[in-house]
Amino acid sequence: MEQDTAVTVRLLASLLNHIEAFTTHHAYSLSYLSSLTNITAQRQETKSFHSASGYPNPTTTPLILLEFPDLVPKLLAKQTLEISKMARLLHDEMRDMQDVVGQMETLTTEGFEALQSTQPGRNENRNPAGIPLVEAVSWLEEITVMYKQEMEMKASMLHILDTRCDSDKLQKMKTSWEALDCVDLAKETEIRERLHLFKVLGKVVQ
């Protein structure tokens with residue numbers, strides 16, 4: 001296997017590993033955001049049990065809470081702590097995703113450096129599914145830009161996230177968060193399939 005081919009395989013395999021890591025952290029972040037949305041909705045309902053005076057509202061509060069009025073403030077306090085916990089975990093996953101994107105940027109830089117050191121016409125690949133290094137680097141750059149844009153969008157969403165957000169706003173945020181609008185999943189699939197085919201056919205022609 002030519003040197004450039006080995007570099008191409010290593011770069012793309014690393015890229016796919018980074019994508020997998022991002023996907024894992026994103027799934028966790030979505031789980032925390034879902035919990036945050038649900039608990040916020042529950043807290044809004046609990047707050048409705050209080051009147052303007054801060055005491056249980058007899059027209060909206062279940063009978064059991066009227067009999068034990070201290071349960072409402074305790075429940076509110078517990079829900080507030082849980083909201084803070086979920087928000088903290090969400091921010092932790094956000095930092096982890098940002099770290100992964102940083103690794104993608106480093107990998108893209110490595111790709112450009114490898115491309116600059118390549119001698120023109122040196123890599124005559126006999127593999128019919130051959131992936132030129134220049135194409136691989138182009139993919140690295142494209143995928144990295146997509147994820148950077150995705151993280152910028154998520155950062156703007158987190159910027160407005162605080163304890164005053166109601167469940168409706170959080171639900172809209174969750175929908176946008178889950179969508180990964182900036183990420184071209186079809187392109188990722190193409191890269192994964194091309195690399196797989198490249199490896200399989202490479203064994204045949206060797």
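Everything quoted here is computed from the prediction, not taken from an experiment.
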Does the side chain of [X] reach to within under 4.5 Å of the side chain of [Y], using non-hydrogen atoms?
X      : Y      : answer
Arg43  : Leu76  : yes
Val183 : Glu188 : yes
Met173 : Leu158 : yes
Trp139 : Glu135 : yes
Thr5   : Phe198 : yes
Leu15  : Ile19  : yes
Leu75  : Gln79  : yes

Could you work out, with side chain to side chain contact (heavy atoms under 4.5 Å, CB included) as the rule, every residue matching [X], not counting sequence neighbours?
X      : answer
Thr109 : Glu113
Asn17  : none
Asp96  : His25, Glu93, Asp99
Lys85  : Glu82, Arg88, Leu89

Residue list, ring pair (Phe, Tyr, Trp, His ring centres under 6.0 Å) with Tyr147, at least two apart or on another chain: Phe22
For [X], what residues pass the salt bridge (charged side-chain N to carboxylate O under 4.0 Å, His left out) criterion, not counting sequence neighbours?
X      : answer
Arg10  : Glu110
Glu142 : none
Asp92  : Arg95
Glu190 : Lys187

Could you measure the distance from the [atom1] atom of [X] to the [atom2] atom of [Y]? Nearest 0.5 Å is fine.
X      : Y      : atom1 : atom2 : value
Ile131 : Ile191 : CD1   : CD1   : 9.0 Å
His18  : Thr144 : NE2   : OG1   : 8.5 Å
Ser167 : Leu36  : OG    : CG    : 10.5 Å
Asp168 : Thr40  : CG    : OG1   : 11.0 Å
Met153 : Cys182 : CE    : SG    : 4.5 Å
Gln149 : Met146 : CD    : CE    : 9.0 Å

Cluster overlap [X] with [Y], hydrophobic side-chain contacts below 4.5 Å:
X      : Y      : result
Val145 : Leu140 : no
Phe112 : Val9   : yes
Val134 : Ile143 : yes

Partner set under side-chain hydrogen bond (donor to acceptor under 3.5 Å, both in side chains) for Glu152, not counting sequence neighbours: none
Selection residues 11-28 - residue pairs positive for salt bridge (Lys or Arg N to Asp or Glu O under 4.0 Å), sequence neighbours left out: none
Atom of Leu11, atom of Gly111 and distance for their closest heavy-atom approach: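 Looks like CD1-CA, 3.8 Å.
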Side-chain (His196) to main-chain (Arg192) donor-acceptor, under 3.5 angstrom: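 Here the side-chain-to-backbone pair does not exist.
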Lys148, NZ: over 12 other non-hydrogen atoms inside 6.0 angstrom: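 Result for NZ/Lys148: open.
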Pair listing, side-chain hydrogen bond (donor to acceptor under 3.5 Å, both in side chains) test, anchored in residues 28-38, at least two apart: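 Passing the test, one end in residues 28-38: Ser29-Trp177.
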